[in-house]
Amino acid sequence: MGRAIGTAKGPALPFPSPDTRPIGLLDSGVGGLTVWREVAHALPNEDLLYFADQAHCPYGARPLREVREFTHRAAAFLLDRGAKLIVLACNTASAAALDSLRTAWPQTPFVGMEPAIKPAAAKTRTHKVGILATRGTLEGDLFARTRERVPNGVSVIQLTGDGLVEQVETGEIDSPAAEALVRRYVEPLRDAGVDEIVLGCTHYPFLAPLIQRIVGPSVALVDAGPAVARQVERVIIQRSLSNEGSHRGEYHFFTSGEPEALARVMDRLIGVKASVEPVG
Ligand code: DGL
C-alpha cells in the first residue's frame, strides 16, 4: 500500500504509508506481559493492545476445545479494535487455537508461541533438558511436533506447573509461598541433572529470578519471549505493516476480569502504570 506526495518541484512520488493500526496481544492473564514488554522494546513505534482473559484464567487445565473458543473470542475482540497482527502471547492458547485462527482469519498474521525446547536441546551439555508448562501445552499437537525435532540422545523431562499461573496472577513472585511452590517443580529438575529449563508458559518468566536462585547459575532458563518479538518484527516488515516514523507507540490494556486488580499487578510486575478497560 502506498500514498503519493507531490512536491512543488516535480511529480508525485510513491511513498510507503505507515500502517498505524495496532498490534494485538492476548493471554489468559498477566503472563503475556512478558511478551508484551519484549514487543514494546523491539518495536517502539507500534501501538499495542493487550487483552487479558482473566475471567477464564487459568487456561492450562481446561480442555483445549474450550481454550480454543476463548481464544477465538479474544482474537475477534482485538480485530474489532483494528489489530493488524495478533500475537498469541500464551503457549496454551497457541496449542489450542493457532491453526484454527489462521483458518478463520486467513488475511491476518498470527504469531504463536511454542516452548523453546529446540534451542535448549541444541545447547545442553548434560543432554538433559527440563520443560515446565501447562497441561494444555504439553498435551497439544504443537508440542508433540516440537518434541519430535529434539535430537536423539537428549532427554526431555516435562513437568506441569500446577498453581504457578495462579501465583503469578497475584503479583507475588518472590514471597515464601511462591518460593515453596516453585521449589516443588524446579528442585526435581535440578536434581535430575538438567542444565536447561524451558519456561513453556508466558507467566513463568516472571518467576525466573526466583527459579535461578534455586537452581543456581549452572542451569540456563529459556524464555521464548525475545524470539517471538523478533518474529513479530520480521512479519510486519515482510508484510509492510510497520508504523515507521517518529510515532511513539501507545498502549491500551483490557481485561475480562477486574480492571483495577490488573492495573495494580501490572505496575508491580512490569512497572507500567496504565488504566485498564473492562471487556464484556
Ligand atoms: N500464559 C499462558 C501460557 O503461556 C497461560 C496459562 C494458563 O492460563 O494456564 O500457557
Side-chain angles (χ1 to χ4, degrees), residues 24-39 50-75 78 86-99 101 110-117 120 130-144 146-147 158-171 173 178 181-182 185 197-208 211 221-229 231-232 253-258 261-262 265-266 269-270 279:
L25 297 96
L26 64 89
D27 181 45
S28 63
V30 298
L33 294 171
T34 61
V35 181
W36 179 92
R37 66 185 172 187
E38 301 294 341
V39 174
Y50 184 85
F51 177 68
D53 191 12
Q54 292 177 301
H56 302 116
C57 184
Y59 279 179
R62 294 176 184 273
L64 286 180
R65 177 189 38 77
E66 199 179 12
V67 177
R68 187 171 311 130
E69 194 186 309
F70 295 149
T71 307
H72 274 248
R73 263 191 252 160
L78 293 168
I86 292 184
V87 184
L88 303 183
C90 175
N91 291 78
T92 315
S94 303
L98 185 55
D99 293 342
L101 287 168
F110 288 91
V111 175
M113 313 224 28
E114 59 179 33
I117 51 173
I131 165 160
L132 263 182
T134 68
R135 203 178 71 207
T137 296
L138 295 175
E139 286 178 359
D141 292 344
L142 195 60
F143 181 67
T146 309
R147 226 197 124 134
Q158 58 191 63
L159 286 180
T160 301
D162 294 321
L164 294 177
V165 166
E166 292 89 329
Q167 183 65 44
V168 173
E169 285 290 314
T170 67
I173 50 172
L181 188 63
V182 167
Y185 298 106
I197 297 180
V198 177
L199 305 176
C201 166
T202 54
H203 280 73
Y204 301 168
F206 284 127
L207 297 167
I211 298 174
L221 306 181
V222 191
D223 167 16
V228 167
Q231 176 64 6
V232 172
F253 300 90
F254 304 89
T255 181
S256 57
E258 260 299 312
L262 176 56
V265 174
M266 263 179 15
L269 292 177
I270 56 168
V279 174

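One-based numbering, in listed order, for ligands and for the atoms of each.
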Atoms in ligand 1 flagged as close to T134, the criterion being non-hydrogen separation under 4.0 Å: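 Per the distance check, 6 (C), 9 (O), 10 (O).
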
Worked check of side-chain hydrogen bond (donor to acceptor under 3.5 Å, both in side chains) between E258 and Q54: CA-CA 8 Å; E258 260 299 312; Q54 292 177 301; over 6 Å; no

Any donor-acceptor N/O pair, D53 side chain to S28 backbone, under 3.5 Å: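 Judged by distance alone, no pair lies under 3.5 Å.
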
N/O donor-acceptor pair under 3.5 Å between Y50 side chain and L33 backbone: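 Pair found, side chain donor or acceptor close to backbone of L33.
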
Proximity of V165 to ligand 1 by residue part, where a heavy atom lies under 4.0 Å: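 For V165, the contact with ligand 1 is made by the side chain alone.
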
Proximity to ligand 1 by part of S28, non-hydrogen separation under 4.0 Å: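 Side chain only.
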
Between T134 and T92, a side-chain donor and acceptor under 3.5 Å: yes

Can you tell me the protein heavy atom closest to [atom] and the distance?
atom	value
atom 10 (O) of ligand 1	T92 OG1, 2.6 Å
atom 4 (O) of ligand 1	N91 N, 2.7 Å
atom 7 (C) of ligand 1	Y59 N, 3.2 Å

Nitrogen or oxygen atoms of D27 and ligand 1 under 3.5 Å apart: yes

Parallel, tilted or perpendicular, as decided by the 30° and 60° cut-offs, for the rings of F70 and Y59: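 Correct class here is parallel.
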
Residue selection (non-hydrogen contact nearest atom 9 (O) of ligand 1) among A52, G60, C90: G60

Sidechain N-carboxylate O distance under 4.0 Å for E69, R65: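 No, no charged N to carboxylate O under 4.0 Å.
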
